[in-house]
There are 2 protein chains.
Amino acid sequence: MTSVTNDFLNCFLQFMNRKGLNTTSQRCAIAAAFFDLPGHHSLEEFYQHIVRQDPGIGQTTVYRTLKLLCEAGFASEIHFSDGIARYEVAKPNSHHDHIVCLSCGKILEICNQRIEALQRELAASRDFTLSGHVHNLYGCCADCRNGVGNDKGRAAEPEDLRK
Amino acid sequence: MTSVTNDFLNCFLQFMNRKGLNTTSQRCAIAAAFFDLPGHHSLEEFYQHIVRQDPGIGQTTVYRTLKLLCEAGFASEIHFSDGIARYEVAKPNSHHDHIVCLSCGKILEICNQRIEALQRELAASRDFTLSGHVHNLYGCCADCRNGVGNDKGRAAEPEDLRK
DNA sequence: GTTATTGCAAACCTTTTGCATTGGC
DNA sequence: GCCAATGCAAAAGGTTTGCAATAAC
């Protein structure tokens with residue numbers, strides 16, 4: 001476990017204390033795996049990963065703990081175009097923008113201050129108070145375009161977890 | 001039916017002819033309703049709207065015709081944060097960007113050439129061939145902020161969209 | 001001991017498909 | 001008449017919930 005994971009985990013423990021929630025071994029294992037696993041994964045993917053090192057755990061608990069992590073502000077639920085919810089670590093200054101390769105499922109993070117500024121402008125011009133945004137670009141990465149891609153078909157299988 | 005609807009409908013009839021598909025009364029009724037109904041609606045919403053004026057129609061046919069309209073390039077499937085697919089008329093120069101009010105569900109279209117340009121730049125810098133994008137801003141409209149809103153309670157809970 | 005949590009199983013909801021019937025051509 | 005299209009019903013697949021057993025405190 002990295003020290004960053006450990007820091008996040010401590011914050012989550014504090015959150016549970018503040019809320020009067022029990023700190024169970026399952027919640028700790030799930031949160032640790034969540035913080036330790038980079039990328040954007042579905043409930044099923046997290047469950048498959050966690051159950052490998054902790055076979056007694058239930059999918060429902062993973063589901064509920066991910067929701068809890070969202071509620072605590074440590075996780076964000078994101079939706080790409082396939083309708084499956086994915087979860088990622090909500091870094092304080094992250095902008096949750098992505099480029100998704102529709103051929104191999106690769107997901108890259110993008111961040112552009114000028115776009116952020118234009119978003120704020122647009123929201124202001126419509127008199128909206130902005131609370132969030134989703135910004136995903138879809139296309140084909142260089143590897144897939146050149147036939148180097150691993151044509152797995154989108155939506156990662158369990159093996160993809162460490163991409 | 002507006003003349004624009006009629007134009008779209010004719011194009012769709014041509015598409016069906018080209019593809020050798022039968023032009024059935026159901027397909028025409030569904031396509032007409034689709035072109036005539038402004039906004040972004042789910043399968044269920046279209047079905048409810050269409051079945052009102054044509055009670056014999058089946059949800060499956062609405063589903064399949066919407067897919068057909070997508071295939072023909074007349075419709076686009078869009079995903080907001082609640083995981084339900086919505087369909088909208090794919091106008092040739094539309095950019096499919098939206099501002100969504102999380103309180104009343106109001107959806108406004110937005111379009112910004114500078115953001116489009118920045119998207120192309122970003123994709124190029126990652127060596128991606130861009131085929132599409134999703135860009136939605138979430139927040140609270142002026143009406144809802146001032147308590148005038150009609151609190152329909154559409155879509156996502158706050159934690160879905162945390163930024 | 002009391003109350004929260006777990007995890008199985010089942011419900012739920014949207015999307016998709018199988019198949020016998022209907023209808024366009 | 002032939003084959004595509006329809007629509008019922010049910011499957012599929014992800015998400016959510018009820019509840020008895022279990023574990024935290």
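Reminder, nothing fancy here: chain letters follow the sequence lines and each chain counts from 1. Bear in mind the structure is a predicted one, so any value in this text is a computation, not a measurement.
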- Query: What do you reckon, are the aromatic ring centroids of B:H49 and B:H41 less than 6.0 Å apart?
  - Reply: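 When the ring centroids of B:H49 and B:H41 are compared, they turn out to be at least 6.0 Å apart.
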
First and last nt of DNA chain D near chain A, cut-off under 4.0 Å to heavy atoms, 5' to 3', are D:dG14 to D:dC25

Would you indicate what [X] reaches in the nucleic acid, counting non-hydrogen atoms under 4.0 angstrom: base, sugar-phosphate, or nothing?
X: A:T23; value: sugar-phosphate
X: B:K19; value: nothing
X: A:R64; value: base

What is the distance, to the nearest angstrom, from the [atom1] atom on [X] to the [atom2] atom on [N]?
X: A:I30; N: C:dT5; atom1: CD1; atom2: P; value: 13 Å
X: A:L21; N: C:dT3; atom1: CG; atom2: C1'; value: 13 Å
X: B:Q48; N: C:dT14; atom1: CD; atom2: C1'; value: 14 Å
X: A:Y63; N: C:dC12; atom1: OH; atom2: C1'; value: 11 Å
X: A:N22; N: C:dA4; atom1: CG; atom2: C1'; value: 5 Å

Is there a side-chain contact between [X] and [Y], using heavy atoms and a 4.5 Å cut-off?
X: B:L122; Y: A:I115; answer: yes
X: A:F8; Y: A:F34; answer: no
X: B:E116; Y: B:D97; answer: yes
X: A:R27; Y: A:R64; answer: no
X: A:H135; Y: B:Q119; answer: yes
X: B:E77; Y: B:L66; answer: no
X: A:L137; Y: B:R126; answer: no

Apply side chain to side chain contact (heavy atoms under 4.5 Å, CB included) to B:V134 and B:I78, showing your working. CA-CA 8 Å; B:V134 169; B:I78 51 178; over 6 Å; no

Heavy-atom closest pair (A:S81 atom, A:Y138 atom, distance to 0.1 Å) is N-OH, 3.4 Å

Double-helix bend of the helix from C:dG1-D:dC25 to C:dC25-D:dG1, axes at both ends from 5 pairs, round to 10°, gives 20°

Can you list, by residue number, the residues of residues 51-60 of chain B that have a non-hydrogen atom closer than 4.0 angstrom to DNA chain D?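 Hits under 4.0 Å, by residue number: B:G56, B:I57, B:G58, B:T60.
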
Are any side-chain N or O atoms of B:D82 and backbone N or O atoms of B:I84, one a donor and one an acceptor, separated by less than 3.5 Å? yes

Note to self: Counting only side-chain nitrogens and oxygens, does A:R27 get under 4.0 Å of the OP1 or OP2 atom of C:dT6?
What the structure shows: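 So the side-chain polar atoms of A:R27 do come within 4.0 Å of the phosphate oxygens OP1 or OP2 of C:dT6, strictly under.
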
